[in-house]
Visitor: 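The structure that follows is given in the form of structure tokens.
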Amino acid sequence: MTTIADIKRLLTEKKASCRELTQRYLDAAAQTNPVLNAYITLTAEAALDAADAVDKKLQSGAQLSPLEGIPFVLKDNISTKGIRTTCASRMLENYVPIFDADVWESLKGQNAVMIGKGNMDEFAMGSTCENSYFGGSRNPHNTEHVAGGSSGGVASAVAGGLAVYGIGSDTGGSIRMPASFCGLVGLKPTYGAVSRRGLIAYGSSLDQIGPITTCVEDAALVFDAICRKDPGDMTSRGAEPVSGKLTGNVKGLKIGIAKEFFEGLPDSIGKALDNAVSLYKKLGAEVVSLDFPMLKYVLPTYYILACAEASSNLGRYDGLRYGYRTDDFNDLNDFICRTRSEGFGPEVRRRILLGTYVLSAGYYDAYYNKAQLLRRSIVVEFAKVFTGCDVLLTPTVPVTALRFGADMTPVEMYQTDILTCSANIAGLPAVSVPCGFDEKGLPIGLQLIGGKFREDIILNTALAFERETSGAFCKDSGMGVTL
Amino acid sequence: MITYDELKKIAALAKLSLDGEDIDALTKDISSILDFADTIAQATVDLTDGDGGDAGWCLREDVVLPSMPVADILANAGEQQDGYFVARKRGGLLS
């Protein structure tokens, strides 16, 4: 699969201009998007303008910054001034932001080339990317299967060769799950490493922006380019750059394995993870057995908190100031209620109802307060884990990419987040790396969770695996641009 | 099991209309999710003060910054008049 270094080489060796390369990605997107539905909006004009600026810089002999001239996809819940940002919802179908998100401001300043806005589950609520008002994204490895959620369009575009890297958001696994389903690297940074200003809010204490890439080194490069302290997000703290610290050496590293994360796995995933553990031992890492008994409470805790925050965050959509508005109503209250019910899809309405329920008088203590206490207990449990190991290794998702249109209840669908959402609850960094394929050839991911602001450790551990396996699990889908 | 009356009350709080919803399916879905959420009732919490509670954030200074231009703020409004958002009642303005 194409990496940032591949594009950089073509540009600096003057084998192609940035405009030519960008046009190739735009053409491939126009041709393949009807199949993958990876993009909601293509941004050809912005992409070609950035490409021309890069070509001008190259002609002047100036050095390019790491992401300069590299075609990428931005999830459509990240605000782009003057460019439609829909959150994959009817509610924001025609919404055009009046300011840039911090990450886009940062990338734009580096002449990153945005090919388009990536499809997603509506308001980032979903595990398959099928909850999009614009239709679901397909998995480039098998288009009968989903790309994963919620950043499914971003993963589909990258795995489908329609972008070199992508920027997604992760509230309970929304970067790592589609990365796992599409055979890519997905990094959810530490909460606060990347500014959330301009990210359309779902669960503000859980949301974090991060990269989806074709290799570990690219994930580090993109992370370095987007993490910074931003006065516009009081929870942002920035982070130290990591790309210069990666060696791929894991000798003496303590890798924790908690059996609770491995219960009930399909054989193919269990075997792929066993192989990965053996490989790490061979590379000189020490594997340590741990307990994580809180895992059984992680998922309900996550859904109570995420839905509670969503019900509050999505209260702003009333149809008066922006967004969809109904034309059939009796009075102001009816106008707002109908606008919201017609503008939001079923999963969003369901989560708003749940969140309102757990915050309502009579249920607040039993659900919301208890979940907040459990959140603190989970933070404490992770602190204990990291006294015994440097990194926790788990599968990313307990299944491989589901069939498109699979008939599942909401609770069955929520269960697919069970291995990813603990990192969001505790605000920890976690990365998914491809580690195998199931019997249908669909990718499997392994997840590495680290202590706060230890992106360097988890990415280095991921790099060791990728190098030792020669990237064999980052399989080309055969779609899109090939260089 | 959540009842229809409870669901109506929650929908009103959430400013959602239940018109057009399949009430039986929604009640069933919400009830099953609440059953699943109820598992946290079994959990015992053993925390001491400060355990897991320090996120390490600090509030920025409360400094007044320039506001966005009114024209920008109104740019996405369905209807605007004289620098205000408009909420329309059938045949007249609500506000």
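Please read all numbers here as calculations on a predicted model, not as lab measurements.
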Visitor: For chain A, which candidate among B/Val45, B/Ile33, B/Asp72 shows the most heavy-atom pairs at distances under 4.5 Å?
Guide: B/Ile33
Visitor: Determine the minimum heavy-atom distance between B/Ser32 and A/Val411, stating which atoms define it.
Guide: O-CG2, 3.8 Å
Visitor: Where do B/Leu26 and A/Leu353 come nearest, in terms of heavy atoms and distance?
Guide: CD2-CD1, 3.9 Å
Visitor: Do any N or O atoms from the side chain of A/Lys296 and from the backbone of B/Ala43 form a donor-acceptor pair under 3.5 angstrom?
Guide: no
Visitor: Counting only non-hydrogen atoms closer than 4.5 Å, does B/Ala11 touch chain A with its backbone (N, CA, C, O), its side chain (CB onward), both, or neither?
Guide: both
Visitor: Go through the steps for A/Ser360 and B/Ile10 under the test side-chain contact (heavy atoms from CB on, under 4.5 Å), then give the verdict.
Guide: CA-CA 8 Å; A/Ser360 64; B/Ile10 295 299; 3.9 Å; yes
Visitor: Between B/Lys9 and A/Tyr357, is any pair of side-chain heavy atoms under 4.5 Å apart?
Guide: no
Visitor: Looking at A/Leu299, A/Asn94, A/Thr301, A/Thr409, which one has more heavy-atom pairs under 4.5 Å with chain B than the rest?
Guide: A/Leu299
Visitor: Picking from A/Ile304, A/Ile336, A/Val96, which has the most non-hydrogen pairs under 4.5 angstrom with chain B?
Guide: A/Val96
Visitor: Which atoms of B/Gln80 come close to chain A, meaning under 4.5 Å heavy atom to heavy atom: side chain ones, backbone ones, both, or neither?
Guide: neither
Visitor: Using side-chain contact (heavy atoms from CB on, under 4.5 Å), reason through B/Lys15 and A/Asn333 one step at a time and then give a plain yes or no.
Guide: CA-CA 8 Å; B/Lys15 298 280 183 204; A/Asn333 190 58; 2.5 Å; yes
Visitor: Under a 4.5 Å cutoff for heavy-atom pairs, which residue among A/Gly323, A/Gly427, A/Cys337 has the most contacts with chain B?
Guide: A/Cys337
Visitor: Do the side chain of A/Ser341 and the main chain of B/Ser17 share a donor and acceptor less than 3.5 angstrom apart?
Guide: yes
Visitor: Between B/Thr39, B/Leu18, B/Ile40, which has the largest tally of heavy atom pairs under 4.5 Å with chain A?
Guide: B/Ile40
Visitor: Search all heavy atoms of B/Ala37 against all heavy atoms of A/Pro300 and return the closest pair with its distance.
Guide: CA-CB, 3.9 Å
Visitor: Atom CD of residue position A/Glu412 - does it have more than 12 heavy atoms of other residues, nucleotides or ligands inside 6.0 Å?
Guide: yes
Visitor: At what distance, to the nearest 0.5 angstrom, does CG of B/Leu16 lie from CD of A/Glu342?
Guide: 11.5 Å
Visitor: Considering only heavy atoms and a distance below 4.5 Å, find which of B/Ala14, B/Pro69, B/Ala12 pairs most often with chain A.
Guide: B/Ala14
Visitor: Examine whether an atom of A/Tyr363 lies under 4.5 Å from a heavy atom of chain B, and if so say whether it belongs to the side chain, the backbone or both; otherwise answer neither.
Guide: side chain
Visitor: Is A/Ala383 in contact with chain B via its backbone, its side chain, both, or neither, using a 4.5 Å heavy-atom distance?
Guide: neither
Visitor: If you count heavy-atom pairs under 4.5 Å with chain B, which of A/Phe99, A/Tyr303, A/Tyr414, A/Tyr297 comes out on top?
Guide: A/Tyr297
Visitor: Just so I understand: if I count every heavy-atom pair under 4.5 Å between each of B/Leu7, B/Ile2, B/Asp38, B/Leu65 and chain A, which residue has the most?
Guide: B/Asp38
Visitor: Tell me, side chain or backbone of B/Leu13 under 4.5 Å from chain A's heavy atoms, or both, or neither?
Guide: both
Visitor: Could you grab the distance from atom CZ of B/Phe85 to atom CG of A/Asp318, nearest 0.5 Å is fine?
Guide: 9.0 Å
Visitor: Using every non-hydrogen atom in the two residues, find where A/Val380 and B/Leu47 come nearest and quote the distance to one decimal.
Guide: CG2-CD2, 3.9 Å
Visitor: Using a strict 4.0 Å threshold on nitrogen-to-oxygen distance, state whether B/Asp29 and A/Arg350 make a salt bridge.
Guide: yes
Visitor: Do B/Ile73 and A/Arg321 make a side-chain contact, defined as non-hydrogen atoms from C-beta onward lying under 4.5 Å apart?
Guide: no
Visitor: Which region of B/Asp35, side chain (C-beta onward) or backbone (N, CA, C, O), has a non-hydrogen atom less than 4.5 Å from a non-hydrogen atom of chain A, or is it both or neither?
Guide: neither
